[in-house]
Peer 1: 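Dropping a structure here in structure tokens format, bear with me for questions.
Below, chain A is the first sequence line, B the second, and so on; all start at residue 1.
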There are 2 protein chains.
Amino acid sequence: MSKILVIDDDVAVLQLLQIYLETQGFIVFTAKSGRAGLELAWEHMPNLVLLDLVMPIMDGFETYRRLRDIGIDSVIIMSHRQDERSAVKALEMGAEDYLRKPINLDILQAKIQTLFRRKNLYSGDVFSLYNDGHLHIDLDARTVMLDGAPVKLTPTEYRLLSVLMRKVGRVVTHEEIIKDVWGAGKKEGLGSLKLYIHYLRQKLEENPRKPYYVLAEWGIGYRLKEPEEVPAEQAA
Amino acid sequence: MSKILVIDDDVAVLQLLQIYLETQGFIVFTAKSGRAGLELAWEHMPNLVLLDLVMPIMDGFETYRRLRDIGIDSVIIMSHRQDERSAVKALEMGAEDYLRKPINLDILQAKIQTLFRRKNLYSGDVFSLYNDGHLHIDLDARTVMLDGAPVKLTPTEYRLLSVLMRKVGRVVTHEEIIKDVWGAGKKEGLGSLKLYIHYLRQKLEENPRKPYYVLAEWGIGYRLKEPEEVPAEQAA
DNA sequence: TAACTTTTGTTAAAATTTTTTAACGCTAGG
DNA sequence: CCTAGCGTTAAAAAATTTTAACAAAAGTTA
């Protein structure tokens, strides 16, 4: 069964998560500091780490960096509302996902499930194809099809979709998107981003008012929906 | 040494080519009809066939098709001025190159050399990269660099360049380019084609008046220059 | 819950870029 | 020297992108 390491300086959080995750069938390790967490990580090589960013002794970023050095790349960041900037930074550094405190256990479980499924599906991590039976994207061929019909995207729309594809199922922060689509030096890029998200939804979503593919992450960025498993005969 | 088969109903042409090509060190077979040519082709599997399109018994197209069936894909079409349309058709069917009669032996030799070099260089036939030290094109990455500096192409310019790339060093007919860049139904596409050739030259050529890369083939189409061998340390 | 704040979504218009169209000069080939 | 086809230029048309303003929704606070 999968191993999960929780690192947080709040003992109440550690206890809550340990009890909950164990009822879900995970093997759980907890650590009250970054240093202790790294030791446990080194020893047990957990499949997932839940990491609180605000910790006194060794700060969350340093801990995150060292976890990656150890070879652990599945990290979900936990952050308080007030240091959302830190979460953004961690996501841009490559964290898998983020979770706002106070922790909603249903959301947590959903994210864990998604993450494990993704890791198994695409361990190669080359996201140049998307296919869920309705929407079919091929970045190499530069084609987008919706229920068999080709969708025409403008160059900017295409770049935006590519950036989201690169991290399918994971949040991509506003800043990261803006940097990758419009380039580094860009004032007021959020306006354009919102507009192009709108355009993409008009072209890709069945009901643009209730987006299914292109999802907003409030205050953070956007996420392209993880494709559902697709029947084998449709996969081609 | 390489084998060349010449198929033409004009005995004078056969003799001329046989003598000339043998002085160039090739093993030469000649045939006065398509049927005889196919037999020789089957028997000797020549590396190259020079095929006259206008022949009485079996017409050039039929011969060309059967040569391909045999597995011979290096065919240079020879055509008289008056049936240029046929040459265009043969090129669109995949012939390697064409030669106008009366035959200029210098041009013939140049084309043969180019063709053999190309066959050896890119036997895989995947032309997604172009690099001669100055101009660097990567179709997959969708980037074009000139002496290290990125060149910005519009979508149409890019499609045009891609079509020429697909057949580097070979002629691509006007009609084929227009079909691939602008789509099938298109009236007066030649005007746009000429203009976009102009744009490409402005962006790629050192001296757009004396094009080096994007070459016109009078009455037939365009050709992207075969890249010269590039020093190994520049190849990356 | 109600009021408020922040962020996201939508719309419209202006600005820019790309593409088309058309006219005409130039050049190669006959 | 004539003609067909190529190259160039300019202007109009269409598409794409930016900008700005405002509406709607989500999150926060009392």
Side-chain angles (χ1 to χ4, degrees), chain A residues 79-82 84-85 87-88 100-102 104 107 152-161 171-175 177-178 181-183 185-205 207-211 213-223, chain B residues 79-82 84-85 87-88 100-102 104 107 152-161 171-175 177-178 181-183 185-205 207-211 213-223:
Chain A
S79 79
H80 291 277
R81 190 72 184 78
Q82 55 267 34
E84 205 141 70
R85 299 300 315 154
V88 166
R100 270 209 195 100
K101 289 187 172 183
N104 175 323
I107 293 178
K152 206 181 138 205
L153 298 184
T154 70
T156 302
E157 287 162 3
Y158 191 84
R159 283 203 302 281
L160 173 54
L161 186 58
V171 206
V172 193
T173 65
H174 295 136
E175 285 162 33
I177 299 175
I178 292 166
V181 174
W182 285 274
K186 189 67 167 62
K187 36 137 216 223
E188 231 312 68
L190 190 59
S192 297
L193 172 54
K194 288 189 296 181
L195 184 57
Y196 272 84
I197 288 287
H198 177 67
Y199 289 155
L200 267 191
R201 284 173 176 161
Q202 292 295 321
K203 293 185 177 177
L204 302 183
E205 300 284 359
N207 179 358
R209 300 308 184 91
K210 293 263 182 291
Y213 290 114
V214 180
L215 307 171
E217 293 281 331
W218 226 83
I220 303 285
Y222 292 90
R223 176 197 302 262
Chain B
S79 81
H80 290 278
R81 193 72 184 76
Q82 56 266 35
E84 205 141 71
R85 299 300 315 156
V88 166
R100 269 209 196 102
K101 287 187 174 184
N104 175 323
I107 293 178
K152 206 180 136 204
L153 298 184
T154 70
T156 302
E157 287 163 2
Y158 191 83
R159 284 203 300 282
L160 172 55
L161 185 58
V171 205
V172 193
T173 66
H174 295 135
E175 286 163 32
I177 298 175
I178 292 166
V181 174
W182 285 274
K186 190 66 168 59
K187 34 137 217 222
E188 231 310 69
L190 190 58
S192 297
L193 172 54
K194 287 189 297 182
L195 183 57
Y196 273 84
I197 289 287
H198 177 67
Y199 289 155
L200 267 191
R201 284 174 175 160
Q202 292 297 322
K203 294 185 177 179
L204 303 183
E205 299 286 358
N207 179 358
R209 302 307 185 91
K210 293 263 181 290
Y213 291 114
V214 180
L215 306 171
E217 292 284 330
W218 228 81
I220 303 285
Y222 292 90
R223 176 197 302 261

Peer 1: Phosphate oxygens OP1/OP2 of D:dA15: is one of them under 4.0 Å from a side-chain N or O of A:Thr154?
Peer 2: no

Peer 1: Can you check the A:Leu153 CG to C:dT18 C1' distance for me, whole Å?
Peer 2: 17 Å

Peer 1: Within the pair A:Thr156 and D:dT17, is there a side-chain N or O less than 4.0 Å away from OP1 or OP2?
Peer 2: yes

Peer 1: Any protein N or O atoms within reach of nucleotides 8-11 of chain C? Criterion: under 3.5 Å, listing atom names and distances.
Peer 2:
unit_1: C:dT8; atom_1: OP1; unit_2: A:His174; atom_2: NE2; d: 3.1
unit_1: C:dT8; atom_1: OP1; unit_2: A:Gly219; atom_2: N; d: 3.3
unit_1: C:dG9; atom_1: OP1; unit_2: A:Arg201; atom_2: NH1; d: 2.6
unit_1: C:dG9; atom_1: OP1; unit_2: A:Arg201; atom_2: NH2; d: 2.9
unit_1: C:dG9; atom_1: OP2; unit_2: A:Tyr222; atom_2: OH; d: 2.7
unit_1: C:dG9; atom_1: O6; unit_2: A:Lys194; atom_2: NZ; d: 3.0
unit_1: C:dT10; atom_1: OP1; unit_2: A:Arg209; atom_2: NE; d: 3.3
unit_1: C:dT10; atom_1: OP2; unit_2: A:His198; atom_2: ND1; d: 2.7

Peer 1: Is there a side-chain contact between A:Thr156 and A:Tyr199 in this structure, where contact means two heavy atoms from C-beta onward sitting under 4.5 Å apart?
Peer 2: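 Of all side-chain heavy-atom pairs linking A:Tyr199 with A:Thr156, none is under 4.5 Å.
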
Peer 1: For B:His198, give me all partners under ring-ring contact (aromatic ring centres under 6.0 Å, His included), at least two apart in sequence or on another chain.
Peer 2: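 B:His198 satisfies ring-ring contact (aromatic ring centres under 6.0 Å, His included) with no other residue.
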
Peer 1: Between B:Trp182 and C:dT20, is there a contact of a side-chain N or O with OP1 or OP2 at under 4.0 Å?
Peer 2: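 Checking B:Trp182 against C:dT20: at least one side-chain N or O falls below 4.0 Å of OP1 or OP2.
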
Peer 1: Could you pull out every donor-acceptor pair under 3.5 Å between side chains of residues 213-220 of chain B and any protein atom, sequence neighbours left out?
Peer 2:
unit_1: B:Tyr213; atom_1: OH; unit_2: B:Asp132; atom_2: OD1; d: 3.4
unit_1: B:Tyr213; atom_1: OH; unit_2: B:Asp132; atom_2: OD2; d: 2.8
unit_1: B:Glu217; atom_1: OE1; unit_2: B:Tyr98; atom_2: OH; d: 3.3
unit_1: B:Glu217; atom_1: OE2; unit_2: B:Arg223; atom_2: NE; d: 2.9
unit_1: B:Glu217; atom_1: OE2; unit_2: B:Arg223; atom_2: NH2; d: 3.3

Peer 1: Specify the separation, in whole Å, of atom CZ of A:Arg159 and atom C1' of D:dT16.
Peer 2: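 Those two atoms, CZ and C1', are 11 Å apart.
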
Peer 1: Among residues at least two apart in sequence or on other chains, which ones pass side chain to side chain donor-acceptor pair (under 3.5 Å) with B:Arg209?
Peer 2: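 So B:Arg209 forms no side chain to side chain donor-acceptor pair (under 3.5 Å) with any residue.
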
Peer 1: Of B:Ser192 and B:Lys152, whose closest DNA chain C nucleotide lies nearer the 5' terminus?
Peer 2: B:Lys152

Peer 1: Ignoring hydrogens, what is the shortest heavy-atom contact between A:Leu190 and A:Ile178? Give both atom names and the distance.
Peer 2: N-CD1, 3.7 Å

Peer 1: Does any part of the side chain of A:Lys203, heavy atoms only, come nearer than 4.5 Å to the side chain of A:Thr154, both counted from C-beta?
Peer 2: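 Sidechains of A:Lys203 and A:Thr154: in contact.
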
Peer 1: Hey, what bend do you get for the helix from C:dT1-D:dA30 to C:dG30-D:dC1 if you fit axes on five pairs at each end, rounded to 10°?
Peer 2: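 Between the first-five-pair axis and the last-five-pair axis there is 30°.
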
Peer 1: Taking N or O atoms only and anything under 3.5 Å, show me the protein contacts with nucleotides 28-30 of chain D, one pair per line.
Peer 2:
unit_1: D:dT28; atom_1: OP1; unit_2: A:Arg81; atom_2: NE; d: 2.5

Peer 1: Quick check: do A:Tyr222 and A:Leu193 have side-chain heavy atoms less than 4.5 Å from each other?
Peer 2: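 Yes. Closest side-chain heavy atoms under 4.5 Å.
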
Peer 1: What is the distance, rounded to the nearest whole Å, between atom CG of A:Leu193 and atom P of D:dT17?
Peer 2: 14 Å

Peer 1: Nearest 0.5 angstrom please: B:Gln202 CD to B:Glu157 CD, how far?
Peer 2: 10.5 Å

Peer 1: Sequence neighbours excluded, which residues qualify as side chain to side chain donor-acceptor pair (under 3.5 Å) partners of A:Ser192?
Peer 2: none

Peer 1: Rounded to the Å, how far apart are A:Ile178 CD1 and D:dT19 C1'?
Peer 2: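 After rounding, the reported distance stands at 15 Å.
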
Peer 1: Are the side chains of B:Leu200 and B:Tyr196 in contact, using a 4.5 Å heavy-atom criterion?
Peer 2: no

Peer 1: Atom CD1 of A:Ile177 and atom C1' of C:dT7: how far apart are they, to the nearest Å?
Peer 2: 14 Å

Peer 1: Report the distance from atom OH of A:Tyr158 to atom P of D:dT17, rounded to the nearest whole Å.
Peer 2: 14 Å

Peer 1: For A:Lys101, what residues pass the salt bridge (charged side-chain N to carboxylate O under 4.0 Å, His left out) criterion, not counting sequence neighbours?
Peer 2: A:Asp8, A:Asp52

